[in-house]
Amino acid sequence: MKRGVILALLTGTLVGCVRKEAPPWRWLELGSTSVSEALAQGKGIAAEVQDSAGTDRAVWPYILWASDTATQIAQRELLGLPSLSCGDLIRLHPENLPLSIRQAFRWEGVDSLTVRWRCLGRNEIARMGAVHLSRSPSPEAAEHSWWQALKRSSPDFFEPPAQRFAQGDPIRLSIVTLRPDGSMIGDTVKIAFFEGEPDQVVPALAPFVSLAGPGASAHIWSTSDGAFGSQAHLEWGLPAHTPVQFAVEAY
């Protein structure tokens with residue numbers, strides 16, 4: 001009799017150990033790479049809300065980045081919930097989620113949602129940005145959001161010179177222009193002018209020139225109006241309102 005009681009207790013204990021908490025959502029489709037792994041790789045995490053027709057809404061989604069100290073609680077609580085993967089499509093009720101997650105994704109007071117989880121590196125942001133731009137009623141706003149996400153995924157940097165150019169010094173620049181996905185636009189451009197001469201570079205590169213000297217280099221993201229203008233450039237296969245990245249060196 002005692003043996004039976006002990007076995008029953010052990011069985012109950014083991015069942016309790018393996019029983020999993022019910023997820024606060026319902027999976028509709030399954031993705032692949034885990035959200036936690038994507039965050040560790042430096043990717044952004046977005047939850048794209050779908051409309052009743054199953055299409056992503058034409059609104060740029062909020063993106064969580066591991067480097068955001070303001071969202072660390074939301075990230076911790078998100079990773080503490082039942083495992084999510086990049087590409088998962090789920091149905092959820094925001095009120096069943098922790099407050100920090102509702103606030104981060106701006107879901108407070110919202111009823112049930114169908115959400116696609118996206119893990120965004122540079123290539124994914126390049127594709128997503130082009131899609132959102134094509135759907136957006138405000139291309140300027142869509143491009144600005146796209147530009148900001150690209151800057152978070154692949155941050156600008158500046159390598160300062162040992163000594164800056166002085167007024168009248170000769171300046172030589174080597175400039176490579178890249179699309180959002182990193183592919184090159186045209187060929188490497190080499191230009192020469194003298195420090196102090198106006199209108200020698202596009203607006204996005206003017207701050208670099210003002211701080212440059214021999215050996216200075218930078219990667220700089222620019223919205224289209226700071227580069228070649230917001231119109232389409234068919235000769236480069238560059239659609240309207242597309243951000244670009246400059247890789248520039250000074251000699």
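Side chains included, hydrogens not; waters and symmetry mates left out as well; all remaining heavy atoms used. Predicted model, so just to flag it, every value in this text is computed and none were measured. When a residue number appears, it is its place in the shown sequence, counting from 1.
A donor-acceptor contact shorter than 3.5 Å links the side chain of R116 to the backbone of G87. For the pair T242 (side chain) and P239 (backbone), a donor-acceptor distance under 3.5 Å is present. Without hydrogens or angle criteria, R118 side chain to I45 main chain gives no donor-acceptor distance under 3.5 Å. Side-chain atoms of S153 do not come within 3.5 Å of backbone N or O of L150 as any donor-acceptor pair. For N96 (side chain) and P24 (main-chain N/O), no donor-acceptor pair under 3.5 Å exists by modelled atom type. When atom types are taken as modelled, the side chain of S134 and the backbone of V131 share a donor-acceptor pair closer than 3.5 angstrom. The main-chain N or O of S224 is found under 3.5 Å from a side-chain atom of E143 such that the two form a donor-acceptor pair. Side-chain atoms of E197 do not come within 3.5 Å of backbone N or O of G168 as any donor-acceptor pair.
The shortest side-chain heavy-atom distance between Q231 and H241 does not fall under the 4.5 Å cut-off. At least one side-chain heavy atom of I63 sits under 4.5 Å from a side-chain heavy atom of L120. You'll find the side chain of V110 reaches within 4.5 Å of the side chain of P94, heavy atoms only. When side chains are defined from C-beta on, W146 counts as touching I125, because their heavy atoms get closer than 4.5 Å. Side chains of E48 and W117 form no contact here, defined as non-hydrogen atoms less than 4.5 Å apart. With contacts defined as side-chain heavy-atom distances shorter than 4.5 Å, the pair P160/F158 qualifies. With a 4.5 Å cut-off on side-chain heavy atoms, K151 and Q148 do not count as touching. Using a 4.5 Å heavy-atom threshold, the side chains of L97 and L92 count as touching.
Nearest heavy atoms, A66 versus Q75: CA-OE1, 3.4 Å. Here the shortest heavy-atom pairing between P161 and A216 reads CD-CB, 3.9 Å. Among all heavy-atom pairs drawn from S222 and G226, the shortest one is OG-C, 3.3 Å. Shortest non-hydrogen contact noted between P207 and P203 is CD-O, 3.4 Å. Between K190 and S174, the shortest heavy-atom contact is NZ-OG, 3.5 Å. In terms of heavy-atom proximity, S154 sits nearest to R122 at OG-NH1, 3.8 Å.
The local environment of CG in L89 is crowded, with over 12 non-hydrogen atoms from other residues, nucleotides or ligands closer than 6.0 Å. Around atom CZ of R26, no more than 12 heavy atoms belonging to other residues, nucleotides or ligands sit under 6.0 Å away. Atom CD of Q163 has 12 or fewer neighbouring heavy atoms from other residues, nucleotides or ligands inside a 6.0 Å radius. Heavy atoms from other residues, nucleotides or ligands lying under 6.0 Å from CZ of F194 number 12 at most.
Separating the CG atom in N123 from the OG atom in S183 is a distance of 9.5 Å, to the nearest 0.5 Å. One distance of note links CG of L133 with CD of E140; it measures 9.5 Å at 0.5 Å rounding. Annotation: the span from W27 atom CH2 to I90 atom CD1 amounts to 7.5 Å, rounded to 0.5 Å. Interatomic distance, W147 CH2 to Q245 CD, rounded to the nearest 0.5 Å: 13.0 Å.
In this model, no donor atom of one side chain and acceptor atom of the other lie less than 3.5 Å apart for H219 and E159. Between the side chains of Q50 and R91, not a single donor N or O lies within less than 3.5 Å of an accepting N or O.
Note on F246: it clusters hydrophobically with I191, by side-chain heavy-atom contacts below 4.5 Å among ILVMFWY residues. L205 and M184 fall into different hydrophobic clusters, where Ile, Leu, Val, Met, Phe, Trp and Tyr side chains are chained together by heavy-atom contacts under 4.5 Å. A continuous path of hydrophobic side-chain contacts links I101 to Y62 [ILVMFWY only; heavy atoms under 4.5 Å]. Cluster annotation: I185 and V202 are assigned to the same hydrophobic cluster (Ile/Leu/Val/Met/Phe/Trp/Tyr, side-chain heavy-atom contacts under 4.5 Å, transitive). Side-chain heavy atoms closer than 4.5 Å link hydrophobic residues (I, L, V, M, F, W, Y) into clusters, and following such links, even through other members, never connects V248 to Y251.
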Validation: residues 76-86 side-chain donor-acceptor distances under 3.5 Å, sequence neighbours left out:
from: E77; atom 1: OE1; to: S100; atom 2: OG; distance (Å): 2.4
from: S85; atom 1: OG; to: S32; atom 2: O; distance (Å): 3.2

Show every donor-acceptor pair shorter than 3.5 Å between a side-chain atom in residues 33-43 and any protein atom, with sequence neighbours excluded, or say none if there are none.
from: S34; atom 1: OG; to: S36; atom 2: OG; distance (Å): 3.2
from: S34; atom 1: OG; to: E37; atom 2: N; distance (Å): 3.1
from: E37; atom 1: OE2; to: Q41; atom 2: NE2; distance (Å): 3.4

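Under the 6.0 Å cut-off for aromatic ring centres, W236 and F228 qualify, their centroids lying closer than that. Centroid-to-centroid, the aromatic rings of W221 and F157 stay 6.0 Å apart or farther.
Residues R152 and D68 are paired through a salt bridge, judged by an N-O separation under 4.0 Å between the basic side chain and the carboxylate.
Considering only residues two or more places apart in sequence or on other chains, H93 meets the ring pair (Phe, Tyr, Trp, His ring centres under 6.0 Å) condition with none of them.
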Q: Run the numbers on V209 and L173 for side chain to side chain contact (heavy atoms under 4.5 Å, CB included), then give the verdict.
A: CA-CA 9 Å; V209 173; L173 299 180; 4.0 Å; yes
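Here the rule is side chain to side chain contact (heavy atoms under 4.5 Å, CB included) with V115, and of F105, W25, W107 only W107 fits it.
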